[in-house]
Amino acid sequence: MDVEQMGSDLGQVLLTKEQIDERLAEMAKQIDEDYAGKNLLLVGVLKGAIYVMADLSRLLSQSVPMDWMAVSSYGSGTKSSGVVRILKDLDSDLTGRHVLIVEDIIDSGLTLSWLVGNLSSRGAASVEIATLLRKPEAAKVEVDVRYVGFDIPNEFVIGYGLDYAEKYRNLPFVGTLAPHVYGG
Ligand code: PRP
């Protein structure tokens with residue numbers, strides 16, 4: 001799926017596949033340097049992170065194990081309540097591992113804040129975050145993010161793993177939706 005198939009549902013393209021690839025290559029180079037000789041484990045957060053994980057991990061210069069978690073925010077009925085439930089836990093023991101959480105987006109920061117605390121409590125040697133996107137204006141809690149692809153405006157974005165009602169994840173770019181799709 002690409003721009004043509006989006007038709008009038010597309011607002012605008014924010015980041016092209018080329019821009020994403022270029023930035024991920026820079027991030028991978030930095031990760032290679034920072035984790036040289038370390039027992040690194042990549043932890044992807046389903047489902048949005050699948051494309052970031054696929055592309056970022058293939059840009060690393062060494063074989064790196066990966067594992068996956070699925071989490072769901074719940075509590076007050078809104079996604080960003082800060083209360084997080086584990087839907088699928090890791091298969092790996094984190095004792096002594098250098099964990100790098102791979103994410104598509106940090107919005108309020110509540111999910112990642114909780115996740116860093118949770119993984120740190122399992123005996124990991126370190127827990128850091130790599131995210132393709134971050135929305136600084138949406139932050140509700142401060143999260144220390146070591147690798148950020150792009151800071152973006154506080155707009156609803158789709159593509160490259162990000163969905164609207166489970167649609168549009170498989171777009172190769174990151175874009176906004178036209179208002180009529182929301183009923184706007
Ligand atoms: C997104 C994203 C993060 C979280 C960030 O996942 O992948 O996990 O939201 O939001 P926050 O900073 O406000 O906590 P989402 O819950 O949309 O699930 P998905 O990856 O399955 O689409």
Side-chain angles (χ1 to χ4, degrees), residues 1 6 9-11 14-15 17 19-20 23-24 27-28 31 41-57 66-92 94 99-122 124 127-177 181-184:
M1 189 181 190
M6 281 290 288
D9 286 356
L10 179 65
L14 285 185
L15 298 166
K17 182 70 169 75
Q19 288 173 299
I20 294 169
R23 186 71 189 111
L24 287 179
M27 291 166 73
I31 292 166
L41 174 69
L42 300 177
V43 170
V45 185
L46 296 168
K47 308 171 190 163
I50 60 167
Y51 297 98
V52 187
M53 177 71 103
D55 288 344
L56 181 66
S57 64
M66 62 184 81
D67 203 344
W68 299 90
M69 276 185 91
V71 297
S72 166
S73 301
Y74 75 130
S76 63
T78 60
K79 184 169 88 76
S80 295
S81 62
V83 183
V84 176
R85 187 164 53 111
I86 296 175
L87 302 177
K88 184 232 171 282
D89 207 346
L90 298 173
D91 299 326
S92 318
L94 299 189
V99 174
L100 182 59
I101 300 170
V102 177
E103 262 290 18
D104 51 342
I105 191 164
I106 299 181
D107 205 313
S108 69
L110 292 166
T111 305
L112 270 293
S113 174
W114 180 89
L115 200 53
V116 168
N118 181 280
L119 300 188
S120 299
S121 73
R122 304 187 195 192
V127 180
E128 302 287 351
I129 301 167
T131 185
L132 179 68
L133 306 172
R134 180 174 63 179
K135 290 182 181 174
E137 294 155 26
K140 289 188 180 164
V141 287
E142 282 297 312
V143 184
D144 190 15
V145 187
R146 190 147 179 194
Y147 310 96
V148 179
F150 302 91
D151 279 326
I152 60 167
N154 191 11
E155 290 180 76
F156 192 85
V157 286
I158 45 132
Y160 203 77
L162 294 146
D163 73 306
Y164 172 65
E166 295 299 327
K167 291 173 72 179
Y168 311 118
R169 288 194 200 273
N170 58 326
L171 288 167
F173 59 88
V174 173
T176 58
L177 278 178
V181 182
Y182 300 90

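All ligand and atom numbering here is 1-based and tracks the order in the structure.
- Residue-to-ligand polar distances keep Ala49 apart from ligand 1: every N/O pair is separated by 3.5 Å or more.
- For ligand 1, the atoms lying closer than 4.0 Å to a non-hydrogen atom of Leu110 are 12 (O), 14 (O).
- If you run side-chain contact (heavy atoms from CB on, under 4.5 Å) between Met69 and each of Leu46, Leu87, Ile86, only Ile86 comes through.
- For ligand 1 and Ile105, the ligand atoms under 4.0 Å from any heavy atom of the residue are 2 (C), 3 (C), 5 (C).
- Residue Asp163 approaches ligand 1 through these ligand atoms, each under 4.0 Å from one of its heavy atoms: 22 (O).
- Residue-level proximity to ligand 1 for Met69 is absent, since no heavy atom of it falls below 4.0 angstrom.
- Ion pairing between Lys17 and Asp55 holds under the 4.0 Å rule for side-chain N and carboxylate O.
- By the 4.0 Å N-to-carboxylate-O rule, Glu166 lies close enough to Lys47 to be salt-bridged with it.
- Summarising the contacts of atom 8 (O) of ligand 1 with Glu166, Glu103, Lys140, Arg134, the nearest heavy atom is found in Glu103.
- Scanning for side chain to side chain donor-acceptor pair (under 3.5 Å) contacts around Asp89 gives Arg122, with sequence neighbours left out.
- Using the six-membered ring where Trp is involved, Tyr164 and Phe156 have ring planes that are perpendicular, over 60° apart on the 30 and 60° scheme.
- Atoms of ligand 1 found under 4.0 Å from any heavy atom of Leu46, numbered from 1 in the order shown, are 20 (O), 21 (O).
- Between Gly109 and ligand 1, at least one N/O pair is under 3.5 Å apart.
- Considering only heavy atoms from C-beta on, Ile158 stays 4.5 Å or farther from Thr176 through its side chain.
- A heavy-atom distance below 4.5 Å is not found between the side chains of Glu128 and Val99.
- Partners of Gln19 by side chain to side chain donor-acceptor pair (under 3.5 Å), not counting sequence neighbours, listed by chain and number: Thr16.
- Contact atoms of ligand 1 toward Thr111: 4 (C), 8 (O), 10 (O), 11 (P), 14 (O) (distance under 4.0 Å to a heavy atom of the residue).
- For ligand 1, the atoms lying closer than 4.0 Å to a non-hydrogen atom of Asp104 are 2 (C), 7 (O).
- Each of the following atoms of ligand 1 lies closer than 4.0 Å to a heavy atom of Ser108: 11 (P), 12 (O), 13 (O), 14 (O).
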